[in-house]
2 protein chains.
Amino acid sequence: MYSKHSPLARKLGSFVALDDAELAVLDGLHQRRRRFVAGRDLVHQGQTRSAAYILAEGWVCSYKLLRDGTRQIVDFQIPGDFLGLRSVLFRTADHNIEPITTVEASEVKDSELLTAFTQTPRLATAVLWAASRDEAMVVEHLVGIGRRNALERTAHFLLELNARLMLVGQATTAGFDCPLTQYHLADALGLSAVHVNRVLRELREKGLLTFQKGQVEILDFKGLVALAEFDLGYLDHEGPLLR
Amino acid sequence: MYSKHSPLARKLGSFVALDDAELAVLDGLHQRRRRFVAGRDLVHQGQTRSAAYILAEGWVCSYKLLRDGTRQIVDFQIPGDFLGLRSVLFRTADHNIEPITTVEASEVKDSELLTAFTQTPRLATAVLWAASRDEAMVVEHLVGIGRRNALERTAHFLLELNARLMLVGQATTAGFDCPLTQYHLADALGLSAVHVNRVLRELREKGLLTFQKGQVEILDFKGLVALAEFDLGYLDHEGPLLR
DNA sequence: CCTCAATCCTGATGTGTATCAGCCCAGTCT
DNA sequence: AGACTGGGCTGATACACATCAGGATTGAGG
């Protein structure tokens, strides 16, 4: 039913059964399509008056920079995800957004977004739901960094990525294409790149997965799930809540 | 103007200028007031059909439990904060909520909440904003655990708590009342309680702050801010965005 | 008054991960 | 072809924090 619409519409539709008028408003947000090259930041920490974007193609990451030069990647976004929603609601960006691959995204002005919300209340609720889902991922990420060791943390992270990509048809339980470098993993997992390398070797030696040449191959799905205590409940739910 | 209303109304009002009808809807959510004792969990991981709550008095924390018995506290909530919003939107709780002190909260049924959102769109937008603000805190927490050492992390955490409490008039730059134990800090900061104790001693020896008998005294605010690279931009903004 | 449970506090020892230093390989630019 | 760059890989060493073990203090309850 939503197949003719954007990945975002498909995602939101899984929570709130959107009617044609609401879908039209959503489509209306996809006017100014932009293309960005990998590596050049799309939004900077502290930047004001930045727009939000709806990601159509490619991967980006949002991260925070510390004074000593290290960075922490907070989250990766894939097609259908919102970028910089917080930057709009707060009028100033509290994080950076870097395209990992070449990226296609629709720019959404703050006024358009806020108007859409007040005129289409169910849409606002749906976006609230999507934001909560993102927050749940950040929370799980927090738990990982706070309480899991490097091996479990890495396994958990890759399983989560896999689950998210499966929802948009870009992965199977056998693996997925992954444009991330070991440096990206390190910055996301709160590890050094050197240690990420050792951890990946250990995962490989244990016959759990390989991470090579832009490909993640999952060799032992159940083993990984057990190792990582992975539970995808927080990404999943059964049918639209709001009809 | 909002003083006769709940802390939540005051908080949301700082983002969206709410009119009388909207305030009435918000007040309508404060029907079933409940009281909870410290230590007995209010919501459990995996629990379905749980309600949301609006915290009126006391402190709670939300945390996740790992199989090995360790836990990670994700966030603390203070009066005016929403509890369990995600549990409602996802129909199943992905975390536990524990009252740290005796707590007063209004129970809100999922249907009431969703109805309020669709009938009062600006309210939904305001709640989206509040949720984003919470997410910003979780993100900052994530960065702290991922990239700051124990000393900076602890300082940052206490400064953030201080800033939040100042917004609701429960702290000054000189300090605040704090019902947390060193175990709570450890679970929140991803440290062992033993190490938290040493870190607190170091902060004391450096003349930065004391944490004793339920009181946090800030001795050198500027020194702490510098140590922690603290920036409260993400908690702050200037006047309602949506009029 | 004594016991018991929390909480705070401390020294000794162990370990997971960072840091440093450097090599290898594959592209790509000149 | 050579130079250069980004990414992957590895051993040696260092240190931040965990873990273990136990003492001191306080308050509650019998």
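What you see is a predicted model; the values in this text were computed from it and never measured.
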Residues which pass side-chain hydrogen bond (donor to acceptor under 3.5 Å, both in side chains) with A/Thr181, listed by chain and number, not counting sequence neighbours: A/His184

Salt-bridge criterion met for B/Lys206 and B/Glu202 (N-O under 4.0 Å): yes

Gap between atoms CD1 and P, on A/Ile145 and D/dA16 respectively (whole Å): 20 Å

Spacing of B/Arg148 atom CZ relative to D/dC17 atom P, expressed in whole Å: 13 Å

Nearest-Å distance for atom pair CZ/P, residues B/Arg147 and C/dT17: 13 Å

Of residues 35-42 of chain A, the positions that come close to DNA chain D - non-hydrogen atoms, cut-off under 4.0 Å: none

Between C/dC9 (P) and B/Leu185 (CG): distance, integer Å: 12 Å

Partner of A/Cys61 by side chain to side chain contact (heavy atoms under 4.5 Å, CB included), out of A/Asp187, A/Ile97, A/Ile73: A/Ile73

A/Phe36/A/Tyr53 aromatic ring centres below 6.0 Å: yes

Partners passing salt bridge (Lys or Arg N to Asp or Glu O under 4.0 Å) against A/Arg34 (at least two apart in sequence or in another chain): A/Glu107

Aromatic plane relationship, A/Phe157 with A/His141 - under 30° parallel, 30 to 60° tilted, over 60° perpendicular: tilted

Integer-rounded Å distance: D/dT19 C1' and B/Asp68 CG: 14 Å

Per-nucleotide protein contact string for nucleotides 5-12 of chain D, where B marks a base within reach and S marks sugar-phosphate only (heavy atoms under 4.0 Å, - for neither): --SSBBBB

Pairing of A/Glu57 and A/Arg33 as salt bridge, 4.0 angstrom limit: no

Lys/Arg-Asp/Glu bridge criterion (N-O < 4.0 Å) met for B/Lys11, B/Asp81: yes

Euclidean distance, atom CG of residue A/Asn149 to atom C1' of D/dA16 [Å, nearest integer]: 16 Å

Test side-chain hydrogen bond (donor to acceptor under 3.5 Å, both in side chains) applied to A/Thr70 - qualifying residues, sequence neighbours left out: A/Asp68

Polar side-chain atom of B/Arg147 near backbone of A/Arg71 as donor-acceptor pair, under 3.5 Å: yes

Difference in axis direction between the ends of the helix from C/dC1-D/dG30 to C/dT30-D/dA1, five pairs, 10°: 30°

A/Asp75 with A/Arg164: basic N within carboxylate O range, under 4.0 Å: yes

